[in-house]
Amino acid sequence: MPELPEVETIKRELEPHIIGKKITAVTVYDARIVYPLSASAFQGRITGQRIENLRRRGKYLIFQLSNSNRLVVHLRMSGALLLNPPELLPHTRLVFHFDDGSELALTDRRRLGIVLLTDSEKPVEDRLGPEPLEPRFTVEEFANRLHRRRAPIKAVLLDQKVIAGIGNMYADEALFQARIHPLHPAGDLSPEEIQRLYNAIREILCSAIDYKGASVDTYQRPGGELGTAHFNFNVAHCRGEPCHICGTPIQRLAIRNRGSYFCPNCQKY
DNA sequence: CATTGTCCCTGGAAGC
DNA sequence: TGCTTCCAGGGACAAT
């Protein structure tokens with residue numbers, strides 16, 4: 001399930017293979033993914049355009065096209081972007097064909113992914129808070145964003161308007177590293193706890209990028225390789241396993257219908 | 001505005 | 001063995 005480190009990995013590995021290439025055709029296998037555009041309208045606005053730039057914002061990938069359109073892709077749970085797949089893979093929704101004969105396929109088993117064409121930054125920027133790895137995201141900025149929030153810190157970390165890019169897995173890992181209970185009200189955290197959580201978020205995201213993301217569920221890199229960040233997970237999806245620090249079984253709790261995994265001994269309320 | 005619940009979607013696992 | 005139900009979760013959206 002692609003979160004910030006997975007999307008960043010995809011961006012980095014895709015970039016050298018697609019920048020400057022011209023899209024000669026797009027095959028639409030599932031028109032629902034380009035809704036509200038029709039398949040032909042989508043094809044009309046994409047075909048013949050060159051990919052000038054690729055960037056990540058939160059969990060979004062943004063392909064800058066030469067006609068000043070932006071192709072925005074959100075992979076949600078099960079989306080993947082694969083370069084030159086050897087065959088037509090199951091759940092293929094779109095295939096981009098380039099002028100050098102190469103191809104980029106978008107597959108999405110659960111079909112929750114989003115593809116959007118826009119000429120503005122607004123649809124993405126309106127939904128997102130700051131990038132946690134940018135220097136301008138300071139601990140003071142983080143503290144301000146948690147101030148007076150009564151919701152559980154786990155729910156607040158998943159709010160993309162508070163911080164962009166953190167998903168369920170890395171929220172659990174950051175809270176474990178910072179030794180904070182996922183239900184702790186966000187606005188009640190002490191300055192020390194906020195500092196620990198701030199450090200943990202940055203360390204965990206950076207480390208996961210170094211490991212090319214976590215291959216939980218269907219995540220694959222553009223060449224089909226897997227990431228290895230999940231081998232370092234302490235709590236995410238580790239229900240019942242002994243905590244690496246104290247041996248207490250990892251517990252699962254539902255917060256906002258999201259599975260939250262934590263060590264009840266290391267992360268006291 | 002902050003918060004919370006529901007829905008979307010599919011396929012693997014679990015339960016019967 | 002084969003059926004049904006549950007579960008995974010990002011985020012849009014509606015309700016409060």
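Throughout, protein chains are lettered first and strands after them, A, B, ... in sequence-line order, and every chain is numbered starting at 1.
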A:E3 vs A:Y219, side chain to side chain donor-acceptor pair (under 3.5 Å): CA-CA, chis, key distance, verdict: CA-CA 10 Å; A:E3 303 182 23; A:Y219 167 71; over 6 Å; no
Full working for salt bridge (Lys or Arg N to Asp or Glu O under 4.0 Å) between A:R196 and A:E192: CA-CA 6 Å; A:R196 288 208 305 271; A:E192 292 74 22; over 6 Å; no
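Atom CG of A:L71 sits about 4.5 Å away from atom CD1 of A:I46, to the nearest 0.5 Å.
A:R258 comes within contact range of at least one nucleobase, with a heavy-atom separation under 4.0 Å. Using a 4.0 Å heavy-atom criterion, one finds that A:R32 contacts no nucleic acid atom at all. A:R149 comes within contact range of the sugar-phosphate backbone alone, with a heavy-atom separation under 4.0 Å but no base atom that close. Residue A:N257 is classed as a base contact, given a heavy-atom separation below 4.0 Å to a base. Within the 4.0 angstrom heavy-atom criterion, base atoms lie near A:R76.
Under 4.0 angstrom from either OP1 or OP2 of C:dG11 there lies at least one side-chain N or O belonging to A:Q160. For the OP1/OP2 pair of C:dA12 and a distance below 4.0 Å, the side-chain nitrogens and oxygens of A:R127 include at least one atom meeting the criterion. At least one side-chain nitrogen or oxygen of A:R111 sits closer than 4.0 Å to the OP1 or OP2 atom of B:dT10. The shortest distance between the side-chain N/O atoms of A:H74 and the OP1/OP2 oxygens of C:dA12 is not below 4.0 Å. In terms of phosphate contacts, A:R256 brings a side-chain nitrogen or oxygen within less than 4.0 Å of OP1 or OP2 of B:dT4. Under 4.0 angstrom from either OP1 or OP2 of B:dC1 there lies no side-chain N or O belonging to A:K161.
Atom CD1 of A:I166 is separated from atom C1' of C:dG11 by 16 Å (rounded to the nearest Å). We find that CG of A:L128 is positioned 8 Å from P of C:dG11, with the value rounded to whole Å. Rounded to an integer number of Å, the gap from A:N168 CG to C:dC7 C1' is 13 Å. When rounded to the nearest whole Å, the span between CD1 of A:I33 and P of B:dC9 equals 12 Å. The distance from atom CG of A:L158 to atom P of B:dG5 is 14 Å, rounded to the nearest whole Å. For the pair A:R150 CZ and B:dT3 P, the computed distance is 6 Å after rounding to whole Å. Put simply, CD1 on A:I114 is 11 Å from P on B:dC9, counting in whole angstrom units. In this structure, A:L253 places its CG atom 16 Å from C1' of C:dA8, rounding to the nearest Å.
Screening A:R56, A:R55, A:K59 for a salt bridge (charged side-chain N to carboxylate O under 4.0 Å, His left out) involving A:E131 leaves a single residue, A:R56.
If you check B:dT3, C:dA12, C:dG10 against the side chain of A:Y60, the one that comes closest is C:dA12. Each of C:dG10, B:dT10, B:dG11 was ranked by its minimum atom distance to the side chain of A:M77; first place goes to C:dG10. The side chain of A:R252 approaches C:dC7 more closely than any other nucleotide in the set B:dT4, B:dT10, C:dC7.
Judged by distance alone, the side chain of A:R50 and the main-chain N or O of A:G20 form a donor-acceptor pair under 3.5 Å. The backbone N or O of A:L158 sits less than 3.5 Å from a side-chain atom of A:Q160, completing a donor-acceptor pair.
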